[in-house]
2 protein chains.
Amino acid sequence: MGIDDFRLARFLPYRLAVLSERISRRLSAIYGAEAGLSVAEWRVMVHLARCREVSVREIHNCVNLDKSRVSRAVTRLETAGLVQKTGSPTDQRLLAISLSPEGWHLLDRIVPPTVDYEARLLAALSDADCAALDTIIEKLHRVLDADPEARPRSVLDLPQPPDAGDASAPNDATIDRTP
Amino acid sequence: MGIDDFRLARFLPYRLAVLSERISRRLSAIYGAEAGLSVAEWRVMVHLARCREVSVREIHNCVNLDKSRVSRAVTRLETAGLVQKTGSPTDQRLLAISLSPEGWHLLDRIVPPTVDYEARLLAALSDADCAALDTIIEKLHRVLDADPEARPRSVLDLPQPPDAGDASAPNDATIDRTP
DNA sequence: TGCAGTTTGTTGCATTTGCAACGATATCGT
DNA sequence: ACGATATCGTTGCAAATGCAACAAACTGCA
């Protein structure tokens, strides 16, 4: 079997990339049409909706975006009036970023159709498929987790324990005490 | 259920993007270390290995890369001596792009470890998982196929019919007579 | 034949990206 | 208390990207 038997179309990393990008592009047509949100901005805003007031680093740790990408996304969002940047009183380095009222309104309009589209995708899958997909994604991640050469996984992307004692606060991020 | 119940970490498009990017980055460390290949260049070369002599458009149609991205990738590869650009004799617009001997040598060194890594990923999956994954990917693609707003799928990314009458030529691309 | 319309590959341009370096602040160790 | 170290967010820069415009080459139909 020579090199030329290699089939891109059967190559798992390629297949995932293609599917993922196709979905991403379709989605960004949804939340990009309303406001001109990029993927980065979308992730930041959605994360803020859950975590209310977080720093750049926390966003960076949670939503798989480069530090500078988050920084720039936040700047753009602030200029657009969708987000507020306040300096933390306790730590002068930190930034307290939160959604503005306009930001919330925008999310109100943008999240539902986005979720609908996800539902449309999921509707094509059986319950067994969905379960299998969870398993598969997790298994693949674990291979990468075990590989020192691979980029580590964000905390929030770890499988969530089935939510034992809910503390009424959506603090997925507070787990973040690694250093 | 408010907007703030939305969980990025459970959002399928996000999860696919994260997994896919993690894998891609790890992989490009493999074929990027040997030569400085980018994803685009990698896809182009691998495609050339199968199809021998193709035009920019064909590559573009087959490996999910923008026309200009292919064009530039080919230019870089040519400069690096990995690829040859010859004008087609029959159609002066077309370019006949093919791997140079050096290109083949590079692939010899690069494809095996890449395939090994894929194997490492697949090893984490059971046979049932693999089958399920195939199904799932295909089902999700079909949702997008049915969606006029979504970018169409490349011909080569369609599921391959189990290869009825093999014409001894690896012409995945020849199916391409859509216009 | 001749001319409108298409196709092919490249390029200009504005934007995005990742990485590293940086200044500012905080923390730790002694 | 003070200097070495670490952390936070921003920015410079070079490379990559997507889109549209483009020239050159082909096609088709009158």
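Chain identifiers are assigned alphabetically (A, B, ...) following the order of the sequence lines, protein sequences preceding nucleic acid strands; residue numbering begins at 1 within each chain. What you are looking at is a predicted structure, and each value in this text was computed from that prediction instead of being measured.
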* Just wondering, do B/L95 and B/T86 contact through their side chains at under 4.5 Å, heavy atoms? -> no

* To do: Please report, rounded to the nearest Å, how far the C1' atom of C/dT27 is from the CD atom of A/Q92.
  => 15 Å

* B/S71 vs C/dT10: side-chain N/O to OP1/OP2 distance below 4.0 Å -> yes

* Tell me what B/S88 touches on the nucleic acid: a base, only sugar-phosphate, or nothing, going by heavy atoms under 4.0 Å. => nothing

* Could you state the CG-C1' distance from B/L65 to D/dA16, rounded to the nearest angstrom? -> 12 Å

* **Nearest-Å distance for atom pair CG/P, residues A/N61 and D/dC8** => 8 Å

* Taking for each residue the nucleotide of DNA chain D with the nearest heavy atom, is it A/V70 or A/R93 whose nucleotide lies nearer the 5' end? -> A/R93

* Is any side-chain N or O of A/R25 under 3.5 Å from a base N or O of D/dG18, one able to act as donor and the other as acceptor? -> no

* **Joint cluster assignment, A/L65 & A/L94, ILVMFWY side-chain distance < 4.5 Å** => no

* To do: Taking only the side-chain heavy atoms of A/R76 (C-beta and beyond), determine which of C/dT16, D/dG9, D/dG18 contains the nearest atom.
  => C/dT16

* Closer than 4.0 Å, any side-chain N/O of B/S68 to the OP1 or OP2 of C/dG9? -> no

* Answer with yes or no whether the side chains of A/S98 and A/Q84 bring together a donor and an acceptor at under 3.5 Å. => yes

* Given atom CG of A/D66 and atom P of D/dG9, what is their separation to the nearest angstrom? -> 13 Å

* A/E21 CD to D/dT17 C1', straight-line distance once rounded to whole Å -> 11 Å

* Touch class at under 4.0 angstrom, heavy-atom based, for B/S38 against every strand present -> nothing

* Structure fact -> When rounded to the nearest 0.5 Å, the distance separating CD1 of B/I137 from CG of A/L16 is 5.0 Å

* To do: Check the distance between D/dC8's C1' and A/H60's NE2 and give it to me in whole angstrom.
  => 11 Å

* Validation row: A/R43, A/N64 side chains within 4.5 angstrom (heavy atoms) -> yes

* Select one nucleotide: of D/dC8, D/dT17, C/dC19, the one nearest the side-chain heavy atoms of A/L94. => D/dC8

* Structure fact -> Taken to the nearest whole Å, CZ/B/R69 to P/C/dT16 is 16 Å

* Asked: Whole-Å distance between C/dA14 P and A/R72 CZ?
  -> 18 Å

* **Among C/dA26, D/dA25, D/dT10, the one nearest A/K67 by side-chain distance** => D/dT10

* Asked: B/K85 has a side chain; which of C/dT25, C/dT10, D/dT7 sits nearest to it?
  -> C/dT10

